[in-house]
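Shown next, in structure tokens, is the structure this report addresses.
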Amino acid sequence: MENSSAERKQQLALDIADGNDPSDAAKNPDGRTKLQGLFKQLSLLDRYLYVWIFIVMAVSIIFGYYVRGVKKAFQVAEITSVSLPIAIGLWVMMYPVLCKVQYEILGGVLRQAGSLKTISLSVVLNWVVGPALMTGLAWATLPDLPDFRTGVILVGIARCIAMVLIWNDLAKGDADYCAILVAINSILQIILFTPVALLYLKVVSRGKGFHVSSWTVAKSVLLFLGVPLAAGVLTRLILMNAFGRKWYESKFLRFIGPWALIGLLYTIFVMFSIQAHQIVDNIGHVVRVAVPLLLYFGILFFGSLGICRWLKVPYPLMVTQCFTAASNNFELAIAVAVGSFGIDSTQALAATIGPLIEVPVLLLFVYIVGFFQRKGPSV
């Protein structure tokens, strides 16, 4: 009897991990018990992630505001205008996720029916809808704050190549497709960021003083995606050949799994600590800048969700598509803002507010899609 119960719990966990709909089990008399059992199997870090994130956010702001020298200590070294401790946190956060990707089957995934439609939709959402939507919302909500508006627009133009891997992993999206979409966004970012930024900041917004080189964008992509991606590919290739797939997936991936969330919490702590004075001293402007960002994340995420449901996209691909569309590359946005306008500029502050809003909002979206996935066959 105990073995049968354990098998049912294991199957339910596998169903959710594979993106399958567990709602049929939930409809059975003991379905709620099964889901509760699965919840209890999660680690303390996974189970209360939202609690840890909000605690870290609060503690880091208090720490950064009242402890002298915190900002200077964390910015003792920088890479492309991004604090080295933040860069380390991003690498640690992304490494376990990129070790999970089955690079050996990506060619087959690309050849599957519907791949072109999925990729095309992602490109349109990321490079046509996203920047246009953010620019429109920035002008509608910040007409009297041109410098803050510029920083917000930069956030909308910089497409995500890092944090989306975490959100997709937490929401049980398709890791292989996420790797493909991130790779495509990385290439397009090098090609399109500068012309798209010039279009929306100089032509549409008639701004001045903005300049960015393609090399600045390329450096950001290489450092914040290339480094952990190379580490993930080499780790998978070397360890699977040396010890076999079973050991790699059951032992190694389980060992490094918690690093992703620990890296996320560490990155949040460093980021909020560095910006504590800026946040507290400019709380009124921070609240105003949060408005277009909240609208942007909500509209783009749930708009993508609606399109995917209309196209009858399977849950794992739908999750990947939505988080890829709604996430942004805050490292690049901050680096460009600092390089173009200065580290203490209001444009840089606005770009920094981007991830401060994005982290809790997209974490909320993770729980929302997870809740509805357990309730029914479609989100």
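What you are looking at is a predicted structure, and each value in this text was computed from that prediction instead of being measured. Start at 1 with the first residue, then count along the sequence.
- Across all their heavy atoms, Lys117 and Leu311 have their closest contact at NZ-O, 4.3 Å.
- How far CD1 of Ile353 is from CG of Leu293: 7.5 Å, rounded to the nearest 0.5 Å.
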Candidate pair Trp167 and Val359, rule side-chain contact (heavy atoms from CB on, under 4.5 Å), full reasoning: CA-CA 9 Å; Trp167 307 131; Val359 170; 4.1 Å; yes
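- Using the six-membered ring where Trp is involved, Trp259 and Phe255 have ring planes that are perpendicular, over 60° apart on the 30 and 60° scheme.
- Between Ala326 and Leu300, the closest heavy-atom pair is CA-CD2, 4.2 Å.
- The hydrophobic cluster containing Val59 also contains Phe54, counting ILVMFWY residues as joined when their side-chain heavy atoms lie under 4.5 angstrom apart, directly or transitively.
- Distance check: Arg159 CZ to Leu181 CG gives 12.0 Å after rounding to the nearest 0.5 Å.
- Between Ile274 and Ile86, the closest side-chain pair of non-hydrogen atoms falls below 4.5 Å.
- With hydrogens and angles ignored, the 3.5 Å screen pairs no side-chain donor or acceptor of Asn168 with any backbone N or O of Val164.
- In this structure, the separation between CG on Leu121 and OG on Ser304 is 7.0 Å, given to the nearest 0.5 Å.
- Taking NE2 of His285 as the start and CG of Leu349 as the end, the distance is 9.5 Å to the nearest 0.5 Å.
- A heavy-atom distance below 4.5 Å is not found between the side chains of Val92 and Ile262.
- At least one donor-acceptor pair closer than 3.5 Å links the side chain of Gln321 to the backbone N or O of Thr118.
- Nearest heavy-atom pair across Ala171 and Tyr315 is O-OH, 3.1 Å.
- Looking only at side-chain heavy atoms (C-beta outward), Thr235 and Phe252 come within less than 4.5 Å of each other.
- With Thr324 as reference, Asn185 is the one residue of Leu165, Asn185, Val319 to meet the side-chain contact (heavy atoms from CB on, under 4.5 Å) rule.
- There is a path of hydrophobic side-chain contacts, each under 4.5 Å, that joins Ile299 to Val124.
- The cluster map of Ile, Leu, Val, Met, Phe, Trp and Tyr, joined by side-chain heavy atoms under 4.5 Å apart, puts Leu237 and Leu239 in different clusters.
- A heavy-atom distance below 4.5 Å is not found between the side chains of Leu84 and Phe74.
- Grouping the Ile, Leu, Val, Met, Phe, Trp and Tyr side chains by contacts below 4.5 angstrom, directly or via other members, places Val128 with Val123.
- In this structure, Arg288 contributes its side chain and Thr141 its backbone to a donor-acceptor pair below 3.5 Å.
- Closest non-hydrogen pair, Ala260 versus Pro96, comes out as N-CG, 3.6 Å.
- To the nearest 0.5 angstrom, Leu154 atom CG is 12.0 Å from Arg149 atom CZ.
- Heavy-atom minimum distance, Ile153 versus Ala138: CG1-CB, 3.9 Å.
- In terms of hydrophobic clustering, with Ile, Leu, Val, Met, Phe, Trp and Tyr side chains grouped at heavy-atom distances under 4.5 Å, Ile238 and Leu229 are assigned to different clusters.
- Of the possible polar contacts, none joining the Thr150 side chain to the Gln347 backbone as a donor-acceptor pair under 3.5 Å is found.
- Looking only at side-chain heavy atoms (C-beta outward), Cys308 and Leu317 stay at 4.5 Å or farther from each other.
- Scanning both residues, Tyr177 and Asp174, for their nearest heavy atoms gives N-OD1, 2.9 Å.
- The ring of Phe301 has its center no closer than 6.0 angstrom to the ring center of Phe297.
- Between the side chain of Asn328 and the backbone N or O of Ala158 there is at least one donor-acceptor pair closer than 3.5 Å.
- Going from atom CG of Leu234 over to atom SG of Cys99 covers 10.0 Å, rounded to the nearest 0.5 Å.
- The ring of Phe302 has its center closer than 6.0 angstrom to the ring center of Phe365.
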query: Given Arg245 and Arg236, is the side-chain contact (heavy atoms from CB on, under 4.5 Å) satisfied, shown in steps?
result: CA-CA 9 Å; Arg245 178 183 291 271; Arg236 187 176 183 89; 3.5 Å; yes
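- Looking only at side-chain heavy atoms (C-beta outward), Ile279 and Tyr65 stay at 4.5 Å or farther from each other.
- When side chains are defined from C-beta on, Leu261 does not count as touching Leu265, because their heavy atoms never get closer than 4.5 Å.
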- request: Let me see the working for Val152 and Met134 under side-chain contact (heavy atoms from CB on, under 4.5 Å), right down to the final yes or no.
  value: CA-CA 7 Å; Val152 169; Met134 185 68 96; 3.5 Å; yes
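- Looking at heavy atoms from C-beta onward, Pro292 lies in side-chain contact with Leu142 at the 4.5 angstrom threshold.
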